[in-house]
Asks: 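Structure incoming, see below.
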Amino acid sequence: MTKHYPQLDRLFHALADPTRRGIVERLLTGPATVSDLAAPTGMALPTVMKHISVLEETGLVRSEKSGRTRMVQATPAPLTAAQAWIEEQRQIWEARLDRLEDYLATLPTEPDDD
């Protein structure tokens, strides 16, 4: 039975969008204003704010308003859960491939027809 991880589902959903991934990548270099984040996308500020809201729901970013400026910064800790899940999947697949390799090694080899 498949395990259900709602937090992980939201995280992968948030990262599935290239704009949101771009925002996270940019914020990993340091905090930025919403205007700074919107500039390279060509999107309107409300649209970028919707993307930031999705990222905030996952805990990947946080923002705070100071006067008329909203500063956003990355909080990459939630990526640890995704990394752990990916590592678990990698180990499962490596074990499966090792078993396949072991099985294939038991099969008789056919002589070359040269």
Asks: If we count only N and O atoms by modelled type, under 3.5 Å, do the side chains of Glu87 and Gln83 hold a donor and an acceptor together?
Replies: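 Looking only at side-chain atoms, Gln83 and Glu87 do not form any donor-acceptor pair under 3.5 Å.
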
Asks: Give the table of side-chain donor-acceptor pairs shorter than 3.5 Å for residues 55-68, with sequence neighbours excluded, one pair per line with atom names and distance.
Replies:
residue, atom, partner, partner atom, Å
Glu56, OE2, Ser63, N, 3.0
Glu56, OE2, Ser63, OG, 2.6
Thr58, OG1, Leu55, O, 2.7
Thr58, OG1, Leu60, N, 3.3
Ser63, OG, Arg70, NH1, 3.0

Asks: Going by the rule side-chain contact (heavy atoms from CB on, under 4.5 Å), which residues pair with Asp9 if we only count those two or more places apart in sequence or in a different chain?
Replies: His4

Asks: In Å, rounded to the nearest 0.5 Å, how long is the span from CD1 of Ile86 to CD of Gln89?
Replies: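 Answer rounded to 0.5 Å: 9.0 Å.
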
Asks: Taking only residues two or more places apart in sequence, or in another chain, which ones meet Ala82 in a side-chain contact (heavy atoms from CB on, under 4.5 Å)?
Replies: Leu8, Leu11, Phe12

Asks: Show the atom names and distances, to 0.1 Å, of all donor-acceptor pairs under 3.5 Å that link a side chain in residues 21-38 to residues at least two apart or in another chain.
Replies:
residue, atom, partner, partner atom, Å
Arg21, NH1, Leu15, O, 2.7
Arg21, NH1, Ala16, O, 3.0
Arg26, NH1, Thr29, OG1, 3.1
Arg26, NH1, Gly30, O, 2.8
Thr29, OG1, Arg26, O, 2.6
Thr33, OG1, Asp36, N, 3.0
Thr33, OG1, Asp36, OD1, 3.4
Thr33, OG1, Asp36, OD2, 3.1

Asks: Glu88: what forms a side-chain contact (heavy atoms from CB on, under 4.5 Å) with it, not counting sequence neighbours?
Replies: Lys3, Ile92

Asks: Does a side-chain heavy-atom distance below 4.5 Å link Met49 with Met43?
Replies: no

Asks: For Arg96, enumerate each residue passing the salt bridge (Lys or Arg N to Asp or Glu O under 4.0 Å) test, keeping only those at least two apart in sequence or located in another chain.
Replies: none

Asks: Among Thr106, Leu107, Asp102, which one satisfies side-chain contact (heavy atoms from CB on, under 4.5 Å) with Leu104?
Replies: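 Answer after filtering Thr106, Leu107, Asp102: Leu107.
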
